[in-house]
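Scroll down for the structure; my scribbles are underneath it.
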Amino acid sequence: MTSQSTGIGALKNIPKPGVRPTNNTVIALAGNPNTGKSTVFNSLTGLKQHTGNWPGKTVVNAQGKYTHNGRVNYLIDLPGTYSLFANSAEEEAARDFICFGEPDVTVVVTDATCLERNLNLVLQIMEITDNIVVCVNLMDEAGRKRISIDLKKLSRILGVPVIGTSARKNEGLRELKDAVHCVVNGEQKVRPVKVLYDESVERAIALLQPAVEALTGGRISSRWTALRLIDGEADISKTLCKYLGIDIARHEELERKIIEARMLLEQKGINTEALRDMVVSTIVKTAEKISRETVAFETENYSRLDRRIDYFVTSRVWGIPIMLALLGIVFWITIVGANYPSELLADGFSHIQGRLSALFMQAGAPVWLHDILILGMYRTLAWVISVMLPPMAIFFPLFTLLEDLGYLPRVAFNLDNFFKKACAHGKQALTMCMGFGCNAAGVIACRIIHSPRERLIATITNNFVPCNGRFPALIALATIFIAGAAGPFRSAVAAVTVLGMIVLGVMITLFISRVLSRTILKGLPSSFTLELPPYRKPQPGKILIRSLLDRTLFVLGRAVAVAAPAGLVIWLMANITVGNISLLDHSAGFLDPFARLIGLDGYILMAFILGLPANEIVIPIIIMSYMSTGTMLELESLDDLRQLLVNNGWTWLTAVCTMLFSLNHFPCATTLLTIRKETRSWKWTGISFLIPTATGIVICFIVAQCVRILGLI
């Protein structure tokens, strides 16, 4: 279930502060990425959850609930973040909910295998709120790596409950629920440790803190707010005004105190930039000290196996070849495995079509109504589902498997340098990989990129990698025209050709990203923390649920919504005639001169236009146009398809240009709708339509004209 939030107080089904029933609790779930936070959330809430967007941001939030000791506990899964200094939409969303969403308790999920790094976020959250429970997750992996953590001592040092869990095995979750219950009911006192800064910084905070306390009335941590005001965090004033109705510019006394505090620091040679560095440094050193006192490594080589694997998969020599090999294996399994279920689905839909046609005949329905609904809308819908569902149902679980193993961050690591040279974000590699399954899903995945500029670049260029809807056409044309004379190596040559198209798509993605970053989206690439998480044993059950429910069915639903109307348009154009010539033939004739310039013909270009709802229907429309059947169909073999295309003037150049245009043309309607939803802008949706289309036209024109000038055809 999806919803669009309109504010922190409007999070779906969450009781508002001040009017909550006495037996209701709101829990914020925070943590670094890759700590198993989502697994903790899923294990606690089960299926009683839904997702939405944070207000004004393309940042996903998940909300759920569970009942414990007679209390209804609403759990808000905050975006994974490394800090709360609001340098990204994720950090801002997490910070704002902890500060102003008034959760009853904040559970901070940490990774037992790298606790020191995770304690940085724990200490930052402790500066904001006292009601904290620390969840040290992945205790089973820590045990496997011979890492021991003194949880009781850690709890004494931090001054808050600390619970060890292995959420994947549902271990420690009962104790975690009990700890939350005790903190909320006041049965366990919490006295969070406070990070002590340099003496001059503490004096500056003490100077400003009383004025902040008087102004905010205790609705927010005065110490944390004072420090943020002193270091001049860019949006803290706007945030206070937005959530608390406090306009600092109107409070002269507070402004005067801020100036005094900054002058006090400047006398010690500390400007606002140096202050931020001192704050971060102090937090890091405090986390290191706590870690040394509570974490013990039985061997220094606890991650030896991970490092050995990374030596190959992230090396300059083997990293890219291994990545291409894995990608090739995933594609091969997807292509081979999708053939059988696609045939079964097609046969099933064909059987249903026969039954529906019989019902229409028995009911005495007009022929035109039967043809529009069955041969037009139903058949198009059946094509989209039978061709689109099996590849996605195979690709997404395989992709999620690589994600669950911890391999995808290694892909980003290998490609980070290439994207940095293109002035784009390294995480764009991950969104690009997701686009291989479905470009709409790839666009949604762009949410992981913090920078709005770089997120737009990733969104606009995601269509340059072929989705599963374009692979059938690429494979068929490569097999018929490129590998047709390869004999026993036909499949291998076809596979290499398709892989070459993928590599070309990646190169075009990098080139267009650089062009965008130098023109309409100028800027420097932002830095980001790229964490290589430990390799983990995948969970097949959860992989299937996440990939099928969250990705496959979600994307398929959007495709189905546009496929049926498209079927109606296609049927009408093929069957309505003007002067004994169908609208489809008229349109193809009009487009033919331009299409010939770029190596295509009018029917091919018209098929791409009518295939806007779903790329899967482009080849069937071409076949329908050449055979003048008036309904969508597919030939029984590749040899039949080859003969039909050759009879209509196709050459190897036509096939190559069709493949190139398939790789570089406007996104399908599903992806365009997704871009509109993600960017909330028709302008960027239009640009996302025009850029790949213009790129495809230019590339096809250059290839076609060069081949003709050189006399290669």
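Annotation: side chain of Phe661 is not in contact with side chain of Ile604 (no heavy-atom distance under 4.5 Å). Ile520 is listed as a side-chain neighbour of Trp684, based on a closest heavy-atom distance under 4.5 Å. For the pair Val656 and Leu660, the minimum side-chain heavy-atom distance is below 4.5 Å. Looking at Asp371 and Trp368, their side chains never come closer than 4.5 Å, going by heavy atoms from C-beta outward. At a threshold of 4.5 Å between non-hydrogen side-chain atoms, the residues Ile482 and Leu477 do not count as touching. The shortest side-chain heavy-atom distance between Glu454 and Leu521 does not fall under the 4.5 Å cut-off. Val506 is listed as a side-chain neighbour of Met432, based on a closest heavy-atom distance under 4.5 Å. The side-chain heavy atoms of Tyr378 and Leu373, taken from C-beta on, include no pair separated by under 4.5 Å.
Rounding to the nearest 0.5 Å gives a distance of 12.0 Å between CZ of Arg642 and CG of Leu644. To the nearest 0.5 Å, atoms CG (Leu605) and OG1 (Thr658) are separated by 10.0 Å. If you take CD1 on Ile576 and CG on Leu584, they are separated by 11.5 Å, rounding to the nearest 0.5 Å. Interatomic distance, CZ of Phe464 versus CD1 of Ile691, reported as 7.0 Å (0.5 Å rounding). Atom OG of residue Ser625 and atom CE of residue Met606 lie 8.5 Å apart, to the nearest 0.5 angstrom. Taken to the nearest 0.5 Å, the CG atom of Leu645 stands 5.0 Å off from the CH2 atom of Trp650.
With 3.5 Å as the limit, one finds a donor-acceptor pair spanning the side chains of His665 and Asn615. No hydrogens or angles considered: a donor-acceptor pair under 3.5 Å links the side chains of Arg470 and Asn439.
Contacts classified as side-chain hydrogen bond (donor to acceptor under 3.5 Å, both in side chains) and involving residues 599-613 (residues at least two apart or in different chains) are given here: Asp585-Tyr603, Asp601-Tyr626. Within the structure, every pair that satisfies the side-chain hydrogen bond (donor to acceptor under 3.5 Å, both in side chains) test and touches residues 346-363, not counting sequence neighbours, is listed here: Gln353-Arg379, Ser357-His370. Residue pairs meeting the side-chain hydrogen bond (donor to acceptor under 3.5 Å, both in side chains) criterion with at least one partner in residues 695-713, sequence neighbours excluded, are absent. Sorted by first and then second residue, the side-chain hydrogen bond (donor to acceptor under 3.5 Å, both in side chains) pairs with a member in residues 504-517 read Gln428-Ser513; sequence neighbours excluded.
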**Prompt:** What do the steps show when you test Trp652 against Ile480 for side chain to side chain contact (heavy atoms under 4.5 Å, CB included), and what is the final call?
**Reply:** CA-CA 9 Å; Trp652 67 267; Ile480 293 172; over 6 Å; no
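Among all heavy-atom pairs drawn from Thr497 and Met659, the shortest one is CG2-CE, 3.9 Å. For the residue pair Ala704 and Leu653, the shortest heavy atom distance occurs at CA-CD1, 4.1 Å. Nearest heavy atoms, Leu672 versus Pro667: CD1-O, 3.7 Å. Looking at every heavy atom in both residues, Ile675 comes nearest to Ser688 through CD1-CB, 3.6 Å. Nearest approach of Ala473 to Ile619, heavy atoms of both residues: CB-CG1, 3.7 Å. Cys423 and Arg453 make their closest contact through O-NH2, 3.4 Å (heavy atoms, listed as atom of the first residue, atom of the second, distance).
The main-chain N or O of Lys683 is found under 3.5 Å from a side-chain atom of Ser681 such that the two form a donor-acceptor pair. A distance-only check finds no donor-acceptor pair linking the side chain of Asp592 to the backbone of Ala588 [under 3.5 Å].
When the side-chain contact (heavy atoms from CB on, under 4.5 Å) test is applied to Ile598, the partners found at least two apart in sequence or on another chain are Phe594, Leu600, Ile697, Cys700, Phe701. Annotation: side-chain contact (heavy atoms from CB on, under 4.5 Å) contacts of Phe666 (sequence neighbours excluded): Phe608, Leu612, Phe689, Thr693.
In Phe360, the CZ atom is crowded: over 12 heavy atoms of neighbouring residues, nucleotides or ligands sit closer than 6.0 Å.
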